[in-house]
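Some notes on the structure that comes next.
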There are 2 protein chains.
Amino acid sequence: MEEAETDARPVRRKAPPTIYDVAKLTGFSASTVSRALNKPGRINAKTEERIRDAAASIGYQLNPMARALPTGRTDTMAVLISDITNPVYLQLLRGAEHVATSSELTLVFAESQEDPALELSTARRLLPSVDGMLLFGSRLTDDQILDLAEIKPVVLANREVEGVPAIVPEVTVGIRQAVDHLQSLGHRSIGYVSGPATSWMNRRRWEVVFESAVARGLTVVEIPIGDATMAGGEAALPRVLASGVTAVLTYNDLVALGLLRTARAARIDVPGGLSIVGFDNVFGADLTTPTLTSIGTPSTEVGEAAMRRLLGELDREAEAAAGLLETSLVVRESTGPPGAA
Amino acid sequence: MEEAETDARPVRRKAPPTIYDVAKLTGFSASTVSRALNKPGRINAKTEERIRDAAASIGYQLNPMARALPTGRTDTMAVLISDITNPVYLQLLRGAEHVATSSELTLVFAESQEDPALELSTARRLLPSVDGMLLFGSRLTDDQILDLAEIKPVVLANREVEGVPAIVPEVTVGIRQAVDHLQSLGHRSIGYVSGPATSWMNRRRWEVVFESAVARGLTVVEIPIGDATMAGGEAALPRVLASGVTAVLTYNDLVALGLLRTARAARIDVPGGLSIVGFDNVFGADLTTPTLTSIGTPSTEVGEAAMRRLLGELDREAEAAAGLLETSLVVRESTGPPGAA
DNA sequence: CTGAAAGCGCTTACAG
DNA sequence: CTGAAAGCGCTTACAG
């Protein structure tokens with residue numbers, strides 16, 4: 001590791017200029033400076049221009065925290081995600097970040113590492129300094145979320161709580177397509193390798209898998225695993241094999257990728273010996289051999305929609321969300337007829 | 001997309017309690033409440049306890065912005081990354097986030113989408129409300145960075161500027177290993193598929209590749225591409241082939257992965273017809289066929305070290321950084337003897 | 001159109 | 001150990 005030298009001379013950081021500095025410089029009052037800078041057109045145009053120029057000349061920069069105190073408006077949003085390791089949350093973050101940036105909003109970000117207690121304390125700590133909060137894949141209880149939503153506007157993604165705005169991609173279509181796909185390939189018995197018990201989205205996906213399978217007369221079992229990671233997927237193989245199913249859907253692509261990898265290492269043919277359907281269609285799904293069939297989720301769009309919704313709650317540019325957020329099956333090579341090995 | 005109903009009753013958000021509320025409740029002054037809550041042990045133990053209890057009972061929560069005004073201390077750090085799409089920056093972010101969270105620090109996050117102008121304006125906007133700033137893969141000029149560093153402490157990652165603290169993984173060892181590896185396989189002519197011209201890290205990597213190759217008597221060429229993405233890597237194939245090299249190192253794994261994919265699609269044997277060495281060893285590198293040989297970079301550790309360094313600059317728990325941050329070659333299947341197809 | 005004044009929620013010398 | 005007071009950098013009725 002190289003480290004550039006730190007400054008020899010201790011950096012003299014002069015206090016940044018305030019509106020009083022530009023007031024002094026221009027001869028106007030602080031009130032007028034404030035208006036010139038923030039209420040364009042409400043004061044004499046000449047005055048405004050002179051003040052703006054002066055402000056620019058001394059590098060005046062508004063102090064957002066000082067403004068927030070009297071107004072209560074921070075122009076800052078918080079986003080909390082439960083697991084930064086999961087590419088899906090990264091996509092959500094990315095979507096949220098894009099609309100925040102384009103709205104000149106500051107974005108405060110934290111991860112709770114799947115720990116509900118940490119999530120709650122972080123949310124409480126952050127709430128006073130933001131206008132609103134996005135909870136992505138929250139592991140909190142419904143009541144805890146409702147409590148937070150009493151303090152400041154909260155919008156959920158990939159989670160539903162009665163009474164709190166939420167953006168959740170519709171999972172039904174994609175899952176039905178996947179189940180139809182498997183059935184048409186000849187599978188009669190399928191499994192769902194499930195994710196964290198605390199994950200609302202996991203429950204939701206399992207419910208729909210269950211209903212879809214039952215509605216089509218297929219046998220279906222849930223195969224719970226530890227972590228929704230590649231390692232979790234790898235660890236699931238014995239149970240998947242023992243279950244006797246010929247195809248599985250998984251909670252997410254990480255699990256599917258892990259499963260795919262160990263299956264191949266164990267010389268089990270995919271899809272001949274086992275068909276695998278992932279979920280979310282993340283980066284890497286089309287890199288494997290065989291490539292991974294996956295139910296695609298518009299995660300970036302969900303993140304964007306969530307941030308827009310939050311802005312709407314705050315009566316800012318309520319720019320309507322981008323229509324339906326649907327999942328849909330992306331068929332690749334990891335699914336095929338059973339016993340085709 | 002489903003959206004949970006918004007509250008029927010318009011949520012009455014009561015103003016959050018202040019220290020004056022707990023002062024009133026306990027009969028002590030606001031000054032004493034402030035001390036009880038923030039300077040443990042400096043006032044009567046009984047008093048302190050009573051005040052803490054009262055504060056907890058009404059759900060008092062410190063307003064960080066109100067505190068920041070008189071103290072100038074925000075307990076908030078900003079991290080700016082140039083491209084959220086690049087997994088490496090995500091790793092850096094993740095490392096920084098982890099130490100921030102464990103230090104009870106708030107983390108403000110923004111992406112500049114490879115746009116220097118946006119990076120500069122975002123940095124300026126954020127600086128007043130944070131204690132310090134991390135610039136990851138900054139695309140600013142040295143002078144711009146120096147200007148920012150005059151305002152608040154700045155720490156760089158994957159970029160060096162004289163006079164500004166920086167955390168940069170040592171790239172030499174990994175690159176030398178890679179060049180040795182290629183030479184020992186029999187390659188005599190290698191290429192470097194380079195990344196963004198604005199990227200300091202790209203220049204640095206090229207320099208070391210160049211020196212290493214020359215020192216070993218190998219022929220070496222730089223092959224510049226547009227974007228450092230998979231698509232960029234795909235687009236680079238014709239130029240790589242035209243250059244006549246038998247092996248390439250790439251600026252990063254995304255480029256390598258793109259190149260690998262099109263090469264195979266074009267029925268070029270990897271490594272027989274072309275050996276490929278990626279950089280950073282990101283998620284997905286061991287998922288491909290063939291798996292990708294890559295120079296591993298400890299990105300999460302770099303992010304952590306950068307945040308620790310920033311804390312050090314601010315005289316907070318200067319917990320020494322975790323020793324040397326080295327790169328090292330991870331040999332997989334995408335490299336082999338030339339002409340072995 | 002412009003200014004003086006009060007107040008946002010804290011902290012911290014300064015007294016007592 | 002505790003309190004009264006001033007001040008952090010803004011905004012915004014209220015006057016003029």
Side-chain angles (χ1 to χ4, degrees), chain A residues 13-52 54-55 58-76 106 125 127-131 151-152, chain B residues 13-52 54-55 58-76 106 125 127-131 151-152:
Chain A
R13 279 181 239 280
K14 40 195 173 206
T18 72
I19 54 170
Y20 290 95
D21 295 317
V22 0
K24 202 156 298 169
L25 191 61
T26 56
F28 290 99
S29 72
S31 331
T32 302
V33 172
S34 174
R35 291 189 193 99
L37 267 19
N38 300 300
K39 321 266 181 183
R42 301 237 300 179
I43 67 173
N44 183 294
K46 269 302 179 209
T47 307
E48 184 177 323
E49 195 190 328
R50 218 172 310 161
I51 291 178
R52 285 185 177 285
I58 60 173
Y60 169 77
Q61 192 79 25
L62 170 70
N63 180 332
M65 331 201 29
R67 160 186 282 174
L69 214 39
T71 62
R73 201 204 208 214
T74 64
D75 286 337
T76 300
T106 297
R125 179 169 59 82
L127 229 25
S129 30
V130 301
D131 291 342
I151 304 176
K152 293 273 174 71
Chain B
R13 278 181 239 278
K14 35 189 180 211
T18 72
I19 53 170
Y20 290 95
D21 294 318
V22 359
K24 201 156 299 167
L25 191 60
T26 55
F28 290 99
S29 73
S31 331
T32 302
V33 172
S34 174
R35 292 189 193 101
L37 266 19
N38 301 300
K39 320 267 180 184
R42 298 238 301 181
I43 67 174
N44 182 294
K46 267 306 179 205
T47 307
E48 185 176 323
E49 194 189 329
R50 217 172 309 161
I51 290 179
R52 285 187 178 282
I58 60 174
Y60 169 77
Q61 193 79 26
L62 170 70
N63 181 331
M65 332 200 30
R67 160 186 284 174
L69 213 38
T71 62
R73 200 207 211 214
T74 65
D75 286 337
T76 300
T106 296
R125 179 169 58 82
L127 229 24
S129 27
V130 301
D131 291 342
I151 305 176
K152 292 273 174 72

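Every heavy atom of this structure was used, including side-chain atoms; hydrogens, water molecules and symmetry mates were not. Numbered from 1 within each chain, the chains take letters A, B, ... in sequence-line order. Note that this is a predicted model, so its numbers are computed, not measured.
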In whole angstroms, how far is the P atom of D:dG3 from the CZ atom of B:F28? 6 Å
Residue whose nearest DNA chain D nucleotide is more 5′ - A:A66 or B:G27: B:G27
Closest nucleotide among D:dT11, D:dC10, C:dT11 to the A:Y60 side chain: D:dC10
For D:dA13, the nucleotide meeting Watson-Crick or G-U wobble distances (both under 3.5 Å) is none
Quick note, A:T71 side chain, CB onward, closest among D:dG9, C:dC10, D:dT11 is D:dT11
Run B:I58 and B:V22 through side chain to side chain contact (heavy atoms under 4.5 Å, CB included) and show every step you take. CA-CA 8 Å; B:I58 60 174; B:V22 359; 4.1 Å; yes
Interatomic distance where CG belongs to B:L62 and P belongs to C:dC8 [whole Å]: 17 Å
OP1 or OP2 of D:dT2 less than 4.0 angstrom from a side-chain nitrogen or oxygen of B:T47, does that happen here? yes
Side chain of B:S31 only, please: which of D:dA5, C:dC14, C:dG9 is the nearest? D:dA5
Which nucleotide, in any strand shown, forms a Watson-Crick or G-U wobble pair with C:dA4, with both distances under 3.5 Å? none
Below 3.5 Å, does any donor atom in the side chain of A:Y20 face an acceptor in the base of D:dC10, or the other way round? yes
P atoms of D:dA6 and D:dT2, separation to the nearest Å: 23 Å
Starting at the 5' end of DNA chain D and moving along, which residue's nearest nucleotide shows up first, B:P70 or B:V33? B:V33
Considering only side-chain heavy atoms of B:T32, which listed nucleotide, D:dG3, D:dC10, C:dA4, is closest? D:dG3
For the side chain of A:S34, starting at C-beta, report the closest nucleotide among C:dT11, D:dT11, D:dG3. D:dT11
Below the 4.0 Å mark, does C:dT11 have OP1 or OP2 next to a side-chain nitrogen or oxygen of B:N38? yes
When all nucleic acid strands are considered with a 4.0 Å heavy-atom cut-off, which category describes A:K39: base, sugar-phosphate, or nothing? sugar-phosphate
Could you state the CZ-P distance from A:R42 to D:dC14, rounded to the nearest angstrom? 14 Å
Calculate the interatomic distance between A:N63 atom CG and D:dC10 atom P; express it in whole Å. 6 Å
Tell me whether the OP1 or OP2 atom of D:dG9 has a side-chain N or O from A:T18 closer than 4.0 Å. no
